[in-house]
Undergrad: 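Dropping a structure here in structure tokens format, bear with me for questions.
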Amino acid sequence: MNIQLSLAPLASIECDALVVVAFEGQMPVDLHPWISELESSKEFTGKTGELSIIPRPDGMKAKRLVLAGGGSEDKAGPAERRRAAGAALRVMKSRGMKTVAMAAAAGHLQLTAEACLTADWEPDEFKSKKDDAKSIETLILAVPGGDATLEVALNKGIVIGEAQNVARALANQPGNLLPPVVLAEKAAAIAAECGLECEVLDEATMRELGFGSLLGVAQGSAAPPVTIVMRYRATGAPADIHLGLIGKGVTFDTGGISIKPSEGMEKMKYDMAGGAAMIGAMQALARLKPCLNVTAFIPSVENMPGSKAQRPGDIVTSLAGKTVEVLNTDAEGRLILIDAMTYAKQQGCTHLIDAATLTGAIAIALGTVRAGAFTNDQPFLDRVLASAGAQGEKMWQMPMDEEYREMLKSPYADMPNISGGRYGGAITAAKFLEEWTDGTPWVHLDIANVAWLDDSKPHLVKGPSGFGVRTFVDLVMNWRS
Ligand code: BES
Ligand code: MN
Ligand code: ZN
């Protein structure tokens, strides 16, 4: 889908369909005489999900004028606007439209471009027959009377939308085709293409450095582990700030010896969605060139059972020197993240954000609507939440009371990797990670409940969501020291 900007009057745009998102009580009645009739007959009133098509509208070059309901404009935040634009795009696509125009307000151009790109994406990479009949060739984003500076907003939208789709394509790779080394190759190719530095720590290097906690998880798999490091450096960036983005990169999670039930296990190919989000975000940052030094760290392993696999009760020594008793080999994400967090601090990071498909418990707590957000530094999380809100990526702050820390006790090592009780699993996982921050400002996002959509939404196909990319890019672009 090629995206163009048009500043011309809507009536002059030649296309198969011109989409206008209309809000309740705010019909664009000047566009066509039928619109007020549609409203008074209640055929189209602008409610969310409504769609009305006026074929061959007189006075317009478009073959169809399409009204798409946006709901009540007072309640329309960034998430609702994206949904309206994306849903309309998917309907146009399913009806075989080739050239689609969409009207956008100047202030919403970036968001509209992002929403259309992410709505257009399909997880069909491994299908030998793609549905070419149903692909939009050209999308014209129309801002009548706008000025040429809008190209900047459009470019941002394209860069960010594409980055989110890169993250989705990675999370969509099956375990056999994306072992850690292949994830690293893909990250390196992206880095080379957009001018980032990429370094891959291999198994021997990690052994030398002392990544004992990560290597314990990796030892059960024939696929060697890696830690991917992607560096973005900005000239004139503040010298005292260095953001570390850490993404869980478990390319497949069987659970190891504490093996998972087979039902639904195929979904554990997306256990690297946090890492994928960081790779996508780094691609966007390299293209947008914000004034902040950012490094992504993606610890990547496959979690397998087998004769070489880590056993329940094993004790490992993390890079920070603290020991961990591995009571459950399925709580592997935290074991690889702590070594990456310590390494990020050794590399000079002053602020850490991790994104991880860490616990099933976060879905029990929050359903599939909002990711769980945890912190040891409230002002830092407030900034992340502000970016998330602006980007329509829903998050919810979770508690971090010391009582949860007290649920983590090992008689034999410094820490166990799981708590004794069944309750509060997402929080005890966060408290475990916190032990490795040593006071460095840190935000942890448990995205296990939002990184994969089990059902399609009107604006997004089911499958990997690319959650997090937009928030991380927004945070860096708007960083204020
Ligand atoms: N990757 C899983 C978490 C997960 C579950 C992600 C469902 C996406 C969907 C993680 O490694 C895991 O297995 N967590 C365990 C932790 C438990 C053993 C304390 C869990 O949530 O069951
Ligand atoms: Mn697991
Ligand atoms: Zn996992």
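When a ligand or atom number is given, it counts from 1 through the structure's own listing order. None of the values given here were measured: they were computed from a predicted structure.
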Undergrad: Whether R370 and E393 form a salt bridge (side-chain N of Lys/Arg under 4.0 Å from carboxylate O of Asp/Glu) is what I want to check.
TA: no
Undergrad: Check E332 and report its N/O/S atom nearest to the Mn ion (ligand 2), by atom name.
TA: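 Considering only N, O and S atoms, E332 comes nearest to the Mn ion (ligand 2) through OE1.
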Undergrad: Hey, is N449 touching ligand 1 through its side chain, its backbone, both or neither, going by heavy atoms under 4.0 Å?
TA: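 Within the 4.0 Å criterion, N449 makes no contact with ligand 1.
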Undergrad: Among G256, G360, A273, which one has a heavy atom closest to atom 21 (O) of ligand 1?
TA: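 Shortest heavy-atom distance from atom 21 (O) of ligand 1: G360.
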Undergrad: Which value, rounded to the nearest 0.5 Å, describes the distance between Q164 atom CD and L117 atom CG?
TA: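 Spacing of CD (Q164) from CG (L117) equals 9.5 Å.
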Undergrad: Side chains of Q391 and D474: donor-acceptor distance under 3.5 Å anywhere?
TA: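 The answer is yes; a qualifying pair exists.
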Undergrad: Return the CZ to NZ distance between F252 and K269, rounded to the nearest 0.5 Å.
TA: 9.5 Å
Undergrad: To the nearest 0.5 Å, what is the distance between OG1 on T368 and CH2 on W452?
TA: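 Rounded to the nearest 0.5 Å, the OG1-CH2 separation comes to 14.5 Å.
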Undergrad: Salt bridge check: are K267 and D454 linked by an N-O gap of less than 4.0 Å?
TA: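 A salt bridge links K267 with D454.
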Undergrad: Just how far is it from atom OH of Y343 to atom OG1 of T295, taken to the nearest 0.5 Å?
TA: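 Output value for this atom pair is 10.0 Å.
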Undergrad: Flag the pair R231 and E199 as a salt bridge only when some basic side-chain nitrogen lies within less than 4.0 angstrom of an acidic carboxylate oxygen.
TA: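 Looking at R231 and E199, the cut-off is met.
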Undergrad: What protein heavy atom sits nearest atom 14 (N) of ligand 1, and how far off is it?
TA: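 Sorting protein heavy atoms by distance from atom 14 (N) of ligand 1 puts L358 O, 3.4 Å first.
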Undergrad: For the Zn ion (ligand 3), which N, O or S atom of D253 is at the shortest distance?
TA: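 Looking at D253, the N, O or S atom with the least distance to the Zn ion (ligand 3) is OD2.
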Undergrad: Indicate yes or no: does an N/O atom of E332 lie under 3.5 Å from an N/O atom of ligand 1?
TA: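 Yes; the residue has a nitrogen or oxygen that sits under 3.5 Å from a nitrogen or oxygen of the ligand.
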Undergrad: Taking distance alone, with N or O pairs closer than 3.5 Å, would you say D271 contacts ligand 1?
TA: yes
Undergrad: Which residue owns the protein heavy atom closest to atom 19 (C) of ligand 1, what's the atom, and how far is it?
TA: I418 CG2, 3.6 Å
Undergrad: Which of the atoms of ligand 1 are close to T357, meaning less than 4.0 Å from one of its heavy atoms?
TA: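 Near T357, meaning under 4.0 Å from one of its heavy atoms, ligand 1 has 1 (N), 2 (C), 3 (C), 6 (C).
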Undergrad: What distance do S135 atom OG and K93 atom NZ have between them, rounded to the nearest 0.5 Å?
TA: 7.5 Å
Undergrad: Is atom 9 (C) of ligand 1 near the protein, in the sense that some protein heavy atom lies at less than 4.0 Å from it?
TA: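 Neighbour list for atom 9 (C) of ligand 1 includes protein heavy atoms (cut-off 4.0 Å).
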Undergrad: To check your reading of the model: name the closest protein heavy atom to atom 16 (C) of ligand 1, its residue, and the distance in Å.
TA: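 Protein heavy atom with the smallest distance to atom 16 (C) of ligand 1: R334 NH2, 3.9 Å.
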Undergrad: Any N/O/S atom, backbone or side chain, of D330 lying under 2.8 Å from the Mn ion (ligand 2)?
TA: yes
Undergrad: Using a 4.0 Å heavy-atom cut-off, say whether Y270 meets ligand 1 through its side chain, its backbone, both or neither.
TA: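 Side chain only; the backbone of Y270 stays clear of ligand 1.
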Undergrad: Once rounded to 10 degrees, what value does the angle at the Zn ion (ligand 3) take between OE2 (E332) and NZ (K248)?
TA: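 It comes to 90°.
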Undergrad: Do the side-chain N and O atoms of N303 and T254 include a donor-acceptor pair separated by under 3.5 angstrom?
TA: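 No, because no side-chain N or O of N303 sits under 3.5 Å from a partner of the opposite role on T254.
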Undergrad: Determine, considering heavy atoms only, which of L327, D330, N417 sits nearest to atom 12 (C) of ligand 1.
TA: D330
Undergrad: Give the atom numbers and elements of ligand 1 that come within less than 4.0 Å of a heavy atom of K248.
TA: 1 (N), 10 (C), 11 (O)
Undergrad: Which atom, counting only N, O or S, brings D271 closest to the Zn ion (ligand 3)?
TA: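 The closest N, O or S atom of D271 to the Zn ion (ligand 3) is OD2.
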Undergrad: Among the N, O or S atoms that D253 has, which is closest to the Mn ion (ligand 2)?
TA: OD2
Undergrad: Could you give the distance from CG (L475) to CD1 (I353), rounded to the nearest 0.5 Å?
TA: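 That separation rounds to 5.0 Å.
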Undergrad: Can an N or O of K260 be found at a distance shorter than 3.5 Å from an N or O of ligand 1?
TA: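 Right, the criterion is met.
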Undergrad: Would you check if the Zn ion (ligand 3) lies under 2.8 Å from any N, O or S atom of G333?
TA: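 For G333, the answer is no, given that no N, O or S atom comes within less than 2.8 Å of the Zn ion (ligand 3).
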